[in-house]
Structures are given as structure tokens and as C-alpha cells.
Amino acid sequence: MYKRTLFFILAVFSFCVISAQTYEIQYTSSYNGKTVSDQPSTIVWVNEKENFILNAIIKEQKSPYPFELTKVEKPSNTVVSYAFLKPGDIISASDAESIGKQNFEFTSETKKILGYTCKKAVTKVNSNTIEIWYTHDLGLQGGPSVLGQNLGLVLEVERNKNSLVTATSMKKIKNTGIENIIKGSIQPTDQLGYKDLLWKSRFTTLKVFENETINFSDASKSDDLIKRYANGTIILKKIKFPVITEGENIFVELKQQSNGDAYDRTGTVFFIPQDKEKSFFDGLEKGAKTLPVFDNGNGKQYYGVIATESYNPAVEMMRFFTAFGIQKFNHIQLKDKNWQTISPYREDITELKPSLSGKELWVGTFIGNYDKGGHKVSLEITLHKSDQAVHENNTVIPLFNTLNIMEMAGQDYSTMFSQEKGLLVDFILKKDLKNAQLRYTTTGHGGWENGDEFVPKSNSIFMDGKPVFSFVPWRTDCGSYRLYNPASGNFQDGLSSSDLSRSNWCPGTVTNPNFIPLGDLKAGKHTIQIKIPQGPSEGTSFSSWNVSGTLLGIE
């Protein structure tokens, strides 16, 4: 009797050991028949209770942050995602439904993978055809992704007949060591919160403004964080930029809503270089007329618009134009028009990296308006690690910016193009500059019908007296943004003001810069000139051109 009891206990123990057996499966990725060598192999730890999905670098605890791994609990098929945002900062989210909702078409095809007989099932994911090869030979459920977790043990996944993840080795293990990876405090969150926190952890965000007002009011005053100038039409904040590596992209993003102003207004996001004796900041503090003057002989003086030996103008990061009354005037109803509630403006400014990296700079936003309510804006700058190297310049030299940012503090409109001379800037290069480019942003303004805002005009750029580039800046896609412009009234001809084509801008959009190649420039004195056939004034109506230019290159 004793022997039979002992045998029964040993048998039960052996069954428990076998049933709890954990396998480690390594999967290799390939594309069009070639192994993807720069991607770590996927590792799956699977037993009858749970399935962990990670990769070889995470297993070795050498993965850079952020990274994530997945656990699938059996038999409930609950997916638990873990995101490691930084040391000591782990979040998780659970999903008990998605695996059960997966649909497959089962086939009679079979093949051997690692000696196990596998069957094929097919499904569609976002228009991609996915083939799942799974086996029942081990009595387990799992695989290299959450797809097919309830079919069996997935040993191969093929997408669109070209991308393949295949099991290349399998072994039994006693201990996964997962407790050495998932440890410490874990913050649970919902699925959307998890995805948002993980996404944001992949890049650096510099918060500049959060729901700040840009308006025209004597009541607009500076505080400890934000400076306000020109009756509140300019807001300014000092931002410390980290050292930005070669493999990082920089984006500026502004979100804007009307807070009372119903019109399309010129806006700009800029920073102020302070590496010379004078800066644009001095003009904000002491008045525009304290800045160097440009005089081209047309009887007007333009302050702070061109670089001199002792002064750099503000560098434009992004030109944007407000829509007609977005959000504030959404009560204006038109049939079949569902107005947008916010204007998003986003631009890649990676080429400006040399002038930002590791520096503390005044970053500002201007919207020209005469409304007490004005506009609400939020601004942030994001830094993203990337393998791209589209802009390889290591030098940024401010040359000119005729946008009258201090319009409401006496800075005149840029009407200098009424003269043949146009805009002329002399500058000195201390070193040779290879692959020089002019980052050039231009928009035409003013008048109605005959004004340059609505009349195509050529912009011609001359370098050291020689023509290097000429084009007609013109936008014909403005009608695409009608839903951002609730206060843009309809005309008798069936059009709206926001539909009309314009000189390189539309209400509610960004104006992209042009990158004009200038070749290699030798050290020494150079001249750059901009000519535009600006239209004549008609009564109180006049035309003007806002142009900004920054020289890029490799020293």
C-alpha cells in the first residue's frame, strides 16, 4: 500500500513538472528572403500558464529606454503590456478582449518547423495579409506576437509574402529570470494612456507655452515666466535646449484658437540669437528704433530687419497664418460644414540645430492683431532620435527678417520692395562655407484685388550681384482648409475669402521655407539681395512682403 501511494505522489509531481515546463523559443526576422541583421531576435518564454514576448537585448537587460515586453496570461488570453519608460518608471495596461476578437481563415496546408507539424491560418490586419503557422504538438499556446495566441504555438508569421518571423531554435528552461526584468513599482493605466505615455517617452518635449493669450491690450503684462511686448501681441519665454545629437530631428508645433479675433492674421514662431553686441531682444526692451536701420532710399526706415556686424535679427522657426475665427466663431452654421476646433501648425526645423543645441534662448510667438480677446496658443518643441541626416549643415547664420514682429510697437511694414534695390544685406564669412543654402520664407500681403496678396509676383535672389534663384510663391490649395475658417463669409460668386489663392499662404496653414542652393562660398565679404516687383499703393491700401533668410552650410 505504501509503495502504491508513493508511486501516485511521484506521478502527480512528475505531471505537474511536465505541465509547467517552460520553453524558450528564438525567432529570426527576414525580408524578401534576407535575414534582418540589425534587428534583435524575438524571444518567447511559453508554458501553459503564460507567454512572455520580448527580444534578446531585453533578455540580457541591455535594452535602451524606452522598451516594452508583453505577457499573455493563459487560458484567459489576457494581454498585459509593460512599458519601461526610464529606470524605475514602468507602466502597464491589460486587454482581455482583443485576442478573442481575432478572425482567421483555416486552411488544410501543413509544413514542418523545427520538426513540429504546423497548420496554416490566414487573417487580414490593416489591409495586410498575415499567414500564421502554428502547432498543437506541444499542447501550448503562444507566439512572437499577440496574433494567433489562441490557435496553438505559433512558429512562423508571414506578412504580405515578404516579411517573415520564423522560430529558429527551441529549448526547455528551468527559470526565465523575468523577475529580474519586471520588478519594482508598476503604474497601471488604460490602453490609450499606455500608448500615449510610451509614445511621448520616445522623444524629448520642450514645453514653451500652454494655452497662452496673444492679444492687443494695455492690460497685457509680463510675469516671472513669460514676457509680453507690443501690447500683448508678442509672447516670449527663455528655453534651455539640451545638446542635440547628430541623429536627432527637431519639430516645432503650435496649436491655435481664436479667443475673439475673427480674422486671418500673420503669425511667426522665432528665437533670438544673442551672440552679438545687440539683439532683437534689445529692441523689444528699449524700442524698435534702437536697432540697426535698413534704408534703401524709398524714404522709409526699417529697423532690426537685417544682420550687421554687431546685430542679428530674430530667426524665424515657423511662419503660420491664423484661420478666420476658429473655435470662437464655430457658432456660425452652414449646412454640411462641421468646423474644426483647433488649428495645428507643425514644421521640421532640424536644419536650425547648430543654433539651438546646448543653448539658452528666448523663444517667442507673434500674431498681428488688434483684438482684446485675440488668440490662444500652445507651443512645444520636440527632439526625436533618427537615422536620417537630410540637413548636414553645421552653421546657421541669420541674415534678414522683414516680418514686422513689433508691428504694434512701431515697427513698419516691409514695403522696401517698392524700390529696385529691394532688400540688400552685406555680410562677412570668417571661414569658407561648403554646400551653402539660403533658408528662405516669403509671403505677400496687402490690398484687395490689385494687392500683392492676391497677385502672383516673382521673388528673385541675387548672390554677390548674380541671379541664383527666381520663383513665384503662390498657393492654390486654400480652399482645402475651409472647415478651419468658420468666420470666412461666402461671396455671391460661391467662394469664401479663405478659398482664394494667395502669395504663398492660406488662412489656417503653415508657409514652408524654400531651401535655395548657393554652392560653396569663400571666406570674406558677400552680398545677398532680394527683389520683388511690389505693387504700388492705392489710397490707404498698400502691399508688403514678409521675407526671412538664414544661411546654412558646412564650415
Side-chain angles (χ1 to χ4, degrees), residues 214 216 230 233-234 256 261-270 288 294 296 298 300 302-305 313-314 316 318-325 343 345 365-371 375 400-419 422-423 440-460 471-478 481 485 487-488 496-514 530-549:
I214 297 180
F216 184 80
T233 58
I234 303 168
Q256 173 266 333
D261 187 10
Y263 287 95
D264 53 334
R265 305 294 190 182
T266 304
T268 183
V269 178
F270 62 93
F294 172 71
N296 71 348
N298 69 352
K300 291 189 176 183
Y302 304 95
Y303 293 94
V305 300
E316 186 164 43
M318 179 173 69
R319 180 90 51 89
F320 67 94
F321 292 86
T322 69
F324 284 91
S343 287
Y345 311 95
T365 301
F366 158 78
I367 297 176
N369 73 101
Y370 287 95
D371 188 87
H375 304 262
F400 54 87
N401 188 349
T402 72
L403 200 160
N404 52 329
I405 299 172
M406 286 187 278
E407 175 186 344
M408 285 68 183
Q411 192 179 23
D412 209 348
Y413 286 87
S414 47
T415 56
M416 67 281 291
F417 300 102
S418 61
Q419 296 289 103
L423 181 71
Y440 179 72
T441 305
T442 178
T443 50
H445 304 269
W448 184 254
E449 295 181 354
N450 297 320
D452 284 10
E453 179 175 328
F454 300 101
V455 179
K457 294 290 182 73
S458 63
N459 283 220
S460 299
F471 73 114
V472 177
W474 190 247
R475 290 281 292 269
T476 60
D477 60 331
C478 296
Y481 306 96
N485 290 275
S488 179
S496 165
S497 177
S498 64
D499 293 333
L500 300 178
S501 299
R502 287 172 166 84
S503 288
N504 214 32
W505 64 275
C506 298
T509 67
V510 167
T511 292
N512 294 319
N514 293 86
I530 312 297
K531 291 186 178 183
I532 305 170
Q534 179 180 299
S537 297
E538 298 178 282
T540 58
S541 178
F542 63 91
S543 296
S544 64
W545 283 82
N546 292 326
V547 299
S548 67

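Closest of all the heavy-atom pairs between Thr402 and Asn546 is OG1-CA, 3.5 Å. Nearest heavy-atom pair across Asp261 and Asn369 is OD2-CB, 3.3 Å. Minimum interatomic distance between Arg265 and Gly368 (heavy atoms only, all atoms of both residues): CD-O, 2.9 Å. Taking all atoms of both residues into account, the shortest heavy-atom contact from Gly304 to Pro313 is O-CB, 3.8 Å. Closest of all the heavy-atom pairs between Asn514 and Phe471 is OD1-CZ, 3.5 Å. The two residues Gly535 and Ser543 have their closest heavy-atom pair at O-CB, 4.1 Å.
Checked by atom type and distance alone, the side chain of Gln534 pairs as donor or acceptor with a backbone atom of Thr415 at under 3.5 Å. A distance-only check finds no donor-acceptor pair linking the side chain of Ser343 to the backbone of Gly508 [under 3.5 Å]. Here the side chain of Ser498 pairs no donor or acceptor atom with the backbone of Asn485 at under 3.5 angstrom. Side-chain N or O atoms of Asn296 include one that pairs as donor or acceptor with a backbone N or O of Met416 at under 3.5 Å. Formation of a donor-acceptor pair under 3.5 Å by the Gln256 side chain with backbone atoms of His375 is not found in this model. Ser541 places no side-chain N or O within 3.5 Å of a backbone atom of Glu538 that could act as its donor or acceptor partner. A donor-acceptor pair is defined here as one N or O able to donate and one able to accept, closer than 3.5 Å; no such pair exists between the side chain of Lys531 and the backbone of Ser460.
No side-chain donor-acceptor contact under 3.5 Å links Asn504 and Thr442. Side chains of Asp452 and Trp545: a donor-acceptor N/O pair is present below 3.5 angstrom, by distance only. No hydrogens or angles considered: a donor-acceptor pair under 3.5 Å links the side chains of Ser488 and Ser496. Under 3.5 Å, the side chains of Glu453 and Ser503 contain no donor-acceptor pair of N or O atoms. Between the side chains of Thr443 and Arg319, at least one donor N or O lies within less than 3.5 Å of an accepting N or O.
At least one side-chain heavy atom of Arg502 sits less than 4.5 Å from a side-chain heavy atom of Pro507. In this structure the side chain of Pro536 never reaches within 4.5 angstrom of the side chain of Ser418, judged on heavy atoms. In this structure, the side chains of Phe324 and Ser497 come closer than 4.5 Å at one or more pairs of heavy atoms. Residues Asp412 and Glu407 are not in side-chain contact: their nearest non-hydrogen atoms beyond the backbone lie 4.5 Å or more apart. With a 4.5 Å cut-off on side-chain heavy atoms, Phe366 and Ile234 count as touching. Using a 4.5 Å heavy-atom threshold, the side chains of Phe270 and Thr365 count as separate.
By the ring pair (Phe, Tyr, Trp, His ring centres under 6.0 Å) test, Phe542 is found to be paired with Tyr413, residues two or more places apart in sequence or in another chain being considered. Tyr345 meets the ring pair (Phe, Tyr, Trp, His ring centres under 6.0 Å) test with Phe320; sequence neighbours excluded. For Asn404, there are no side-chain hydrogen bond (donor to acceptor under 3.5 Å, both in side chains) partners at least two apart in sequence or on another chain.
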**Request:** Would you check, one step at a time, whether the test side chain to side chain contact (heavy atoms under 4.5 Å, CB included) holds for Val472 with Lys457?
**Result:** CA-CA 6 Å; Val472 177; Lys457 294 290 182 73; 6.0 Å; no

**Request:** Could you walk me through whether Gln411 and Val305 pass side chain to side chain contact (heavy atoms under 4.5 Å, CB included), step by step?
**Result:** CA-CA 10 Å; Gln411 192 179 23; Val305 300; 4.2 Å; yes

**Working for side chain to side chain contact (heavy atoms under 4.5 Å, CB included), residues Leu423 and Val547** = CA-CA 10 Å; Leu423 181 71; Val547 299; 4.1 Å; yes

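Results of the ring pair (Phe, Tyr, Trp, His ring centres under 6.0 Å) test with Phe321 over Trp505, Tyr263, Tyr481 single out Trp505 as the only residue that passes.
Of the inter-residue distances, the one linking Leu403 atom CG with Thr268 atom OG1 reads 5.5 Å to the nearest 0.5 angstrom. Separation of atoms CG (Leu500) and CZ (Arg475) is listed at 13.5 Å; rounding is to 0.5 Å. Rounded to the nearest 0.5 angstrom, Phe294 CZ and Phe400 CZ are separated by 11.0 Å. Taking OH of Tyr440 as the start and OG of Ser548 as the end, the distance is 8.5 Å to the nearest 0.5 Å.
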